[in-house]
4 protein chains.
Amino acid sequence: MTREDTRNRLFRAAVELIAEQGFAGTTVDAIAERAGVAKGTVFYNFGSKDALFSALLDHGIQRLTMSLAEAAGVPSDATPLARLDAVVLAQLRFFDEYGPFARVLFGEMWRTAWQDAVTRLREGALGVYERILADAVEAGELREDFDTGTAATALFGMALTVSIERRVLRPDRPLEEVHATLVELIHGRVTKSVEAG
Amino acid sequence: MTREDTRNRLFRAAVELIAEQGFAGTTVDAIAERAGVAKGTVFYNFGSKDALFSALLDHGIQRLTMSLAEAAGVPSDATPLARLDAVVLAQLRFFDEYGPFARVLFGEMWRTAWQDAVTRLREGALGVYERILADAVEAGELREDFDTGTAATALFGMALTVSIERRVLRPDRPLEEVHATLVELIHGRVTKSVEAG
Amino acid sequence: MTREDTRNRLFRAAVELIAEQGFAGTTVDAIAERAGVAKGTVFYNFGSKDALFSALLDHGIQRLTMSLAEAAGVPSDATPLARLDAVVLAQLRFFDEYGPFARVLFGEMWRTAWQDAVTRLREGALGVYERILADAVEAGELREDFDTGTAATALFGMALTVSIERRVLRPDRPLEEVHATLVELIHGRVTKSVEAG
Amino acid sequence: MTREDTRNRLFRAAVELIAEQGFAGTTVDAIAERAGVAKGTVFYNFGSKDALFSALLDHGIQRLTMSLAEAAGVPSDATPLARLDAVVLAQLRFFDEYGPFARVLFGEMWRTAWQDAVTRLREGALGVYERILADAVEAGELREDFDTGTAATALFGMALTVSIERRVLRPDRPLEEVHATLVELIHGRVTKSVEAG
DNA sequence: GATGAATGAGGCTTCATTCAT
DNA sequence: CATGAATGAAGCCTCATTCAT
């Protein structure tokens, strides 16, 4: 499957380069060179730089969604809270493994050009968070009119921002410690002694 | 002060356009046109497109830092927790008012080109969060080795992400409700009934 | 004869597309697609895009020449003038049937690249006109030093231009009316009343 | 007027090159080089290669129309027939002087891309012919239902084709002889002895 | 005979920057 | 102080052609 091989190599090269230098800062020349093919091959396989990026976004979002969804469902009888922790950890792990993609998502996602991708992200990754929160509402753990949409975005953005900052400024910090801090934050340990006091 | 006028108009035009189309997607031509001046004037006043953007980032970060710092300090005798809420509200308000800037920050901040700006952001805006958390540690409200740096980033990223999403997808939602949701999240209301149960 | 089939389909596709978009505006990809074959097949059968076009021009010029020659010779004892009318009608009919070819001829014939084809056209189609005019000279119907070459070109260009314009702007107009107008023009009806007066 | 100078030089260079090699065969690089400016200047002044060509077509058509109209109107009391001869001569002269333009017109005019230009040509240059023929109809020199539109196209195409052929194959032939031949053709000298006989 | 993935030279276009006015 | 015409490096993209299957 030569064709598929070529596409995959281009994919990988594009993700890496765009993560390093942004979409605009990455030339098709560079992508082709890193993939070890001629420039024309990029266009033969994807039609345009934009289309390549779009396919790339789709692919990443799909993988991210699957990772979070899997974490959210195992074990299926866990409390919403436990599942929330698992999803946050899954998100941190995903961006740890596919670090470049986090940067891409962060940097380019809000361009109006990729609104479709944003929609898919909302329905996919954010949807996982939102469903857990909705379960918590249903289970009586959150008040009826809790804004699960905003909260889902907040949790996702929190993990995303922390992931990027860790990569850029403190790559040596263990993932588990970061996760512990976030969990503590979410679970209200911050206010515990205050409320206790 | 014609000079200052021109600079301000260029500033505003640049922020708006970069927010809409990103840094790379914004041309100096477009900035000049929206500001109502000739293209040469941009270079006469700022030297280069990068320098304009850099000045713009600095300005925004400085204002943001001041907003957060002010919120953090009034009233000075409040508990760390109350001050944290106030800072989150201040951040939401800032991005509500200077919305385009949030997008700029979100999209371009992590480019290696603007590392200085990131550093200033850390020392400024994130510093405000971090100091409050440090106060909480000192006050015994958080355990000694709590990672205030990561938590500060998480809180900042949470408010930032929510601000942008609100502007893009739900601009009619009252700011206060969004703030209430975030505060609830941070304060552990999410887990309350669970822990209570 | 699969081979011949393929060649014919490529021929038709090429003529149509080149007529619509010109030689340079027509891609080998488009020709292959319209012919329903793979791109490589074009090169397998014709060697190059230029060679395909060349073969196409030759074929068209040969057919055109045959059409005109046939009209010029039947009946063989007609006056030069009657034969001229018949040739003009034949040319109009030819371009009515092979309309796209007229556009191709019109648009690309004068490129220095296809000088050979022009030569063949001169010797063929224009030659038919020229021979009739020469007959008229010989028959004393035209003065000895009448420039039959220029006149042949003029008559040919007249019919060609009118053919194209009819296809583009007035396809509903009956061919016979167009022919009548041209004949009237050539035969000097334009000046008749003047001369009569 | 540096700007206008530049535009004019680009104009001239473009006409020459496009006449020599066709629109598609002419690169913007070549146009810029012949005009003695940088490539970017072409786009600064005309926006695109297409726009340059469009402007060029417009300009040529306007000039051609003016030349023909002038010839058609002087002297104003001449018979329609005399004015027709004058217009044919004017067209030959125009293409003799602006020879390259004839090729451009001939080769590119029928592309659907330039339909506007074709419309202007019809209303302009062809209109001049048509008006004279209409005058002839009104003056009783032509029958009432004579198709002046088709005849105008025929006369125009005749002169156009002859002009190009002369440039390509017989540039030494005096213009006046060519004109004489065409006039003879139009005026029915071809048929004279026949009708007389 | 036919295919279609891959190529790479070459084209059009963009745009930050310069500079003479 | 400000202008805007001009620049040219650099980018995206097209497409005729090749070749292994």
Side-chain angles (χ1 to χ4, degrees), chain A residues 1-7 10 24-32 35-52, chain B residues 1-7 24-33 35-53, chain C residues 1-7 24-33 36-52, chain D residues 1-7 10 24-32 35-52:
Chain A
M1 230 125 286
T2 302
R3 181 90 192 260
E4 209 50 41
D5 262 15
T6 303
R7 280 182 69 96
L10 283 170
T26 301
T27 68
V28 174
D29 260 300
I31 295 172
V37 299
K39 187 175 13 173
T41 304
V42 178
F43 294 94
Y44 180 74
N45 279 281
F46 290 96
S48 73
K49 190 188 175 190
D50 272 27
L52 166 55
Chain B
M1 223 136 287
T2 302
R3 179 78 187 268
E4 210 51 40
D5 260 16
T6 302
R7 283 181 66 96
T26 301
T27 67
V28 174
D29 260 301
I31 295 172
E33 190 187 8
V37 300
K39 179 157 50 164
T41 305
V42 178
F43 293 90
Y44 181 75
N45 279 281
F46 291 96
S48 75
K49 190 190 176 189
D50 274 26
L52 166 56
F53 185 56
Chain C
M1 225 136 288
T2 302
R3 180 77 187 270
E4 210 50 41
D5 260 18
T6 303
R7 282 181 67 96
T26 300
T27 67
V28 174
D29 259 301
I31 294 172
E33 191 186 8
V37 300
K39 179 158 49 164
T41 305
V42 179
F43 292 90
Y44 181 75
N45 278 281
F46 291 97
S48 75
K49 191 191 176 189
D50 273 26
L52 166 57
Chain D
M1 228 130 284
T2 302
R3 180 89 192 260
E4 210 50 41
D5 262 16
T6 303
R7 281 182 67 97
L10 283 170
T26 301
T27 67
V28 174
D29 260 300
I31 295 173
V37 300
K39 186 171 21 173
T41 305
V42 178
F43 294 92
Y44 181 73
N45 279 281
F46 290 95
S48 73
K49 191 189 175 189
D50 272 27
L52 166 55

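Naming: A, B, ... by sequence-line order, numbering from 1 per chain. Heavy atoms only: backbone and side chains are in, while hydrogens, waters and symmetry mates are out.
Nucleic acid contact for C:V37: sugar-phosphate only, since backbone atoms but no base atoms lie under 4.0 Å from a heavy atom of the residue.
Atoms OG1 and CZ, from C:T41 and C:R7 in turn, are 12.5 Å apart once rounded to the nearest 0.5 Å. In this structure, the separation between OH on D:Y44 and CG on D:L10 is 13.0 Å, given to the nearest 0.5 Å.
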Report, as a single string ordered 5' to 3', how protein heavy atoms within less than 4.0 Å touch nucleotides 10-17 of chain F: B base, S sugar-phosphate only, - not at all.
BSBBBSBB
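Side-chain contact between B:L52 and B:I31 is present, with at least one heavy-atom pair separated by less than 4.5 Å. Side-chain contact between A:K49 and A:V42: absent, with no pair of heavy atoms (C-beta onward) separated by less than 4.5 Å.
Closest approach of A:A24 and B:A24 over heavy atoms only: CB-CB, 3.2 Å. When every heavy atom of C:F46 is checked against every heavy atom of C:A51, the shortest pair comes out as O-CB, 3.1 Å.
Comparing E:dA6, F:dA5, F:dT3 by their nearest atom to the side chain of D:R3 picks out F:dA5.
Side-chain N/O atoms of C:N45 include one lying less than 4.0 angstrom from OP1 or OP2 on E:dA2. Contact between the side-chain N/O atoms of A:T6 and the OP1/OP2 oxygens of E:dA6 is found at a separation under 4.0 Å.
Here the P atom of nucleotide E:dA5 and the CZ atom of A:F46 are 13 Å apart, to the nearest Å. Rounded to an integer number of Å, the gap from C:R7 CZ to E:dA2 P is 11 Å.
For DNA chain F, each stem of at least three Watson-Crick or G-U pairs (distances under 3.5 Å) is given as range with range: E:2-21 with F:2-21.
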